[in-house]
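Lettering of chains follows the sequences in order, A, B, ..., and the numbering in each one begins at 1.
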2 protein chains.
Amino acid sequence: MQDIEGLAWVPRSGYEDQCLQTDQGRAIRELLDRVGDKWTLLVIGTLSSGVLRFSELQRHIPGISQRMLTQTLRNLERDGLVTRTLHAEVPPRVEYELTPLGRTLIGPAAALANWAVDTQADIAAARDAYDARVAAR
Amino acid sequence: MQDIEGLAWVPRSGYEDQCLQTDQGRAIRELLDRVGDKWTLLVIGTLSSGVLRFSELQRHIPGISQRMLTQTLRNLERDGLVTRTLHAEVPPRVEYELTPLGRTLIGPAAALANWAVDTQADIAAARDAYDARVAAR
DNA sequence: CAGAATCCGCAGGGATACTG
DNA sequence: CAGTATCCCTGCGGATTCTG
């Protein structure tokens, strides 16, 4: 863990320095590289409820292809956020589960998801107003 | 604001129902559509420290092009997260600022950014271990 | 200064077919 | 069942040029 107090996303004395050029900027980039794609957050959200096997995951996440589910799970496994357990049976059974590290992402991610839900009405209204303003011109 | 208690990203009674097929799934999609691109979170993070004009924003966010800054700001303005104030001078001066609604995003987004910083060492280690395991085979 | 418009490369991701 | 491999296409975003 490293100290990030001076880099948090909050007002500083002013904004004279370029607060996003260093660690904070990199943090955001890494974050987006890791969970900013189309499926990762959905997979994590689905796995937050417990262990699931491949086909179950696919059924829980409508629209995801085999290819993308595999790819997403591999990346998560590589990052240490998900474990993959292959049971040597026939037919094979593979179970996926969030690691303790992966579970630490649930809180922040859920907060952001809840933000999306809480603000959707306001944002839709703002959008309509904006579009009306543009159309009127 | 609508009730989302039953849809939060937490363990439910089990996972027998498809928790991501409805509101929660849509929330994540909308979230990613809105802030999942390459620059939006960086712009919001930069504006969290106060009012900035176009050129200042561009200087504070290394690597962003005029095109993408403009586009990002337009979207944020349209969603009601940022205000654009054109001062009728010559040369023109345009100032951008987070709206109260936009400011509500700072907390959740910062939490996620901090997660990225806090976990980067663990994730890098997991990655190295994974790659070593794969290379050894 | 703050943009609008245009061109273009390439990576994310969908559809499909095949395999241990 | 749980993948892998291949093809293909869309659109994100960079570079450049032009304007009020």
Using the test salt bridge (charged side-chain N to carboxylate O under 4.0 Å, His left out), find all partners of A:R29 that sit at least two apart in sequence or belong to another chain.
-> none
On DNA chain C, check which nucleotide each of A:I64 and B:Y96 is closest to and give me the residue with the more 5' one.
-> B:Y96
Specify the residue among A:Q66 and A:K38 whose closest nucleotide of DNA chain C lies further upstream toward the 5′ end.
-> A:K38
From the options [options], select the nucleotide whose nearest atom is closest to the side chain of [X].
| X | options | answer |
| --- | --- | --- |
| B:R67 | D:dG13, C:dG13, D:dG20 | D:dG13 |
| B:R74 | C:dG3, D:dG14, D:dG3 | C:dG3 |
| A:W39 | D:dG14, C:dG13, C:dC1 | C:dG13 |
| B:T70 | D:dG3, C:dG14, C:dG3 | C:dG3 |

Are any non-hydrogen side-chain atoms of A:H87 and A:T85 less than 4.5 angstrom apart?
-> yes
Just the rounded figure in Å: distance from [atom2] of [N] to [atom1] of [X].
| X | N | atom1 | atom2 | value |
| --- | --- | --- | --- | --- |
| A:E56 | D:dC1 | CD | C1' | 12 Å |
| B:L86 | D:dG20 | CG | P | 16 Å |
| A:R84 | D:dC1 | CZ | P | 16 Å |
| A:D33 | C:dA11 | CG | P | 13 Å |
| A:Q58 | C:dA15 | CD | P | 11 Å |
| B:I61 | C:dA2 | CD1 | P | 14 Å |
| B:R53 | C:dA2 | CZ | C1' | 9 Å |
| B:E77 | C:dG3 | CD | P | 9 Å |

B:E30 side chain to B:A27 main-chain N or O, any donor-acceptor pair under 3.5 Å?
-> no
Side chain to side chain contact (heavy atoms under 4.5 Å, CB included) against A:Q58, all qualifying residues, sequence neighbours excluded = A:F54, A:I64, A:Q66, A:L69
State whether B:S65 places a side-chain N or O below 4.0 Å from either non-bridging phosphate oxygen (OP1 or OP2) of D:dG13.
-> no
For the atom pair CD (B:E56) and CD1 (B:I61), what is the distance rounded to the nearest 0.5 Å?
-> 11.5 Å
Can you tell me if A:N75 and A:T72 form a side-chain donor-acceptor pair at under 3.5 Å?
-> no
Classify the side-chain pair A:T40/A:D37 by whether it contains a donor and acceptor separated by less than 3.5 Å.
-> yes
Per the end-axis method with five pairs at each terminus, what is the bend angle of the helix from C:dC1-D:dG20 to C:dG20-D:dC1, to 10°?
-> 50°
